[in-house]
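Since the structure comes first, as structure tokens, the remarks are kept for the end.
The structure presented is a predicted model; accordingly, all values stated were derived computationally and were not measured. In what follows, every chain begins at residue 1, and chains take the letters A, B, ... in the order their sequences are listed.
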2 protein chains.
Amino acid sequence: MDKLERNGLDAPMIFRAALVDGMGASVCIRHLKAGETLYVEGESADYCYEIVSGVMKEYNTLEDGKRQVAEFYKAGDMFGFSESDDQLHTAEAITGCTVRCYPREAFMKTVAASPALSASFLETLMTRLHRARERMVMIGRMSAMQRVATFLLRLADNTDGEDDAHLAQFHLAMSRQDIADHLGLTIETVCRTLTELKKRQIIVMESARVFTIADLASLEAVAMGARSRLH
Amino acid sequence: MDKLERNGLDAPMIFRAALVDGMGASVCIRHLKAGETLYVEGESADYCYEIVSGVMKEYNTLEDGKRQVAEFYKAGDMFGFSESDDQLHTAEAITGCTVRCYPREAFMKTVAASPALSASFLETLMTRLHRARERMVMIGRMSAMQRVATFLLRLADNTDGEDDAHLAQFHLAMSRQDIADHLGLTIETVCRTLTELKKRQIIVMESARVFTIADLASLEAVAMGARSRLH
DNA sequence: CGCCGCCTTGACTCCCTTCAATGCGAGTGG
DNA sequence: CCACTCGCATTGAAGGGAGTCAAGGCGGCG
């Protein structure tokens, strides 16, 4: 699966070249400040997007104000497709972001017209679907500790460039609230869980947003269910 | 969204015609008894499937035996696509089933070669993705009562043919365990929740698998969060 | 310095799980 | 026909894990 994520849209060199080729001047660039929304649930879905730099989150809000963060996106990720004519989620910049915007109609036509693009796009969607289902398992069937451990491991996998991922330092772009909303937990539970992992010396926290995985094996064991409780 | 589900693969007349056209004799039919598996997580993914009759479930199993049912499929639904060469889920017949099998390679080629098929297939995948995310919200952010109510409403929507859905009788193909594994709950909680809905006269249960929605408005209110607790 | 947003920690509550027993309908064989 | 069994569904009691409410702590910035 890791390999697959490096194909498709998530390693978008070839894909983007073909797209820009097919769509030319209609592609434009937008800059967003942290906290700014790119689109809001319900509004007309006129563009598909690709992140050039920065980190964004895509989420839904319930009537009672609870949020569920569907996915975090980083440089190279494409998103904003919808089978509906309206956006079904809200996309918001976590850090300052630069985003490439593809007019949706043209984007879809360009993709449909090219078998190679189609195949690539299909693969991306299937990967997203698979990830969404993994998250369903995580939220539906794992303890808070397992969820947080899995989240950290996933983060380590996705942080490219480091050779020894388990010794690398990570910087969390997202807040505790974002993590909580992503994992189906409360902010307090996320905090307590991180504190417990710190106590067990499985992670080291240089600051609230910077940490290191000190004991990868233990973190994996916790993610699988070993000693996965807070007290 | 209802309308969209009636296009794409979920109303597969045109789609299937084009597919069979392109793939001809390589399509075959399988019959499954209740409880039989069509494919198992990890095995080679050689086919995509379309249900002719019956109900199936697609699920994942965790190390500790917990299951998460990703989706239920009924006549007309297509499934079994995977971006990997292996199956990522297990598919099992709930009732006796008849299934049409499309060789995966040929299926993907046929789809990629036709812009119309591509567009239709993309739409299906996006719909699935959207549903998966809705379920994430449900599992991550709703009470047991809300989840069950939402599940029943969704079931009512999908039961086609009835004019007055809120007065129609439903037959549940799946067991309480299946429902629990779908909603991220235990079988006991599902039972208690149904009992409570029965007590409140929101639903009527003719038998364990047959019931009627007696008070659609209240069920919707419960799904939205009103009086969504067991005691 | 003091405000403000984010993070952390504590105490208590409660919804859901866990464990355990019972009910119930269908199929089977004596 | 009835006794028996087996899987599924239901109900009860008890406990725990995460939520809720509330009070600081910490760092950045005007």
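The aromatic rings of Phe211(A) and Phe170(A) lie tilted to each other, with the angle between the two planes from 30° to 60°. Taking the six-membered ring where tryptophan is involved, the planes of His130(A) and His89(B) are perpendicular, since the angle between them exceeds 60° and thus also 30°.
Note on Arg176(A): a side-chain N or O is less than 4.0 Å away from OP1 or OP2 of dT8(C). Under 4.0 angstrom from either OP1 or OP2 of dC7(C) there lies at least one side-chain N or O belonging to Arg209(A).
Taking atom CG of residue Leu197(A) and atom C1' of nucleotide dT8(C), one finds them 15 Å apart after rounding to whole Å. Residue Ile94(A) contributes atom CD1, which lies 15 Å from atom C1' of dC6(C) at whole-angstrom precision. Rounded to an integer number of Å, the gap from Met205(A) CE to dC7(C) P is 9 Å. Between the CD1 atom of Ile179(B) and the P atom of dC16(C) there is a distance of 16 Å, rounded to whole Å.
In this structure, Ser207(A) reaches neither bases nor backbone, as no heavy-atom distance under 4.0 Å exists between it and the strands shown.
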(request) Mind running side-chain hydrogen bond (donor to acceptor under 3.5 Å, both in side chains) on Gln87(A) and Ser82(A) for me, showing each step along the way? (result) CA-CA 7 Å; Gln87(A) 293 294 357; Ser82(A) 164; 5.3 Å; no
(request) May I have the step-by-step check of ring pair (Phe, Tyr, Trp, His ring centres under 6.0 Å) for Tyr39(A) and Tyr49(A), ending in yes or no? (result) CA-CA 10 Å; Tyr39(A) 51 82; Tyr49(A) 303 93; 5.6 Å; yes
Grab the N/O contacts between the protein and nucleotides 25-27 of chain C below 3.5 Å, and write none if there aren't any.
none

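Interface remark: the Arg141(A) side chain does not form any donor-acceptor pair with the dT17(C) base, using a distance-only criterion of under 3.5 Å.
Between Gln146(A) and Met224(A), the shortest heavy-atom contact is NE2-C, 3.5 Å. Of all heavy-atom pairs spanning Ile51(B) and Phe79(B), the tightest one is CG1-CE2, 3.4 Å.
Put simply, the side chain of Arg100(B) never gets that close to the backbone of Val52(B): no donor and acceptor are under 3.5 Å apart. Judged by distance alone, with hydrogens and angles left aside, the side-chain atoms of Arg147(A) form a donor-acceptor pair with the main-chain N or O of Met142(A) at under 3.5 Å.
For the pairing with Arg133(B), the salt bridge (Lys or Arg N to Asp or Glu O under 4.0 Å) check across Glu41(A), Glu58(A), Glu83(A) returns one residue only, Glu58(A).
Within residues 181-190 of chain A, the residues approaching DNA chain D are Gly184(A), Leu185(A), Thr186(A), Glu188(A), Thr189(A), by heavy-atom distance under 4.0 Å.
Map Arg192(B) and Gln177(B) each onto its nearest nucleotide of DNA chain D; the residue landing nearer the 5' end is Gln177(B).
Checked for salt-bridge contact, Asp85(B) and Arg104(B) meet the test: a charged N lies under 4.0 Å from a carboxylate O. Checked for salt-bridge contact, Arg192(B) and Glu196(B) miss the test: no charged N lies under 4.0 Å from a carboxylate O.
Here the range on DNA chain D touched by chain B, meaning any atom under 4.0 Å from one of its heavy atoms, is dC8(D) to dA13(D).
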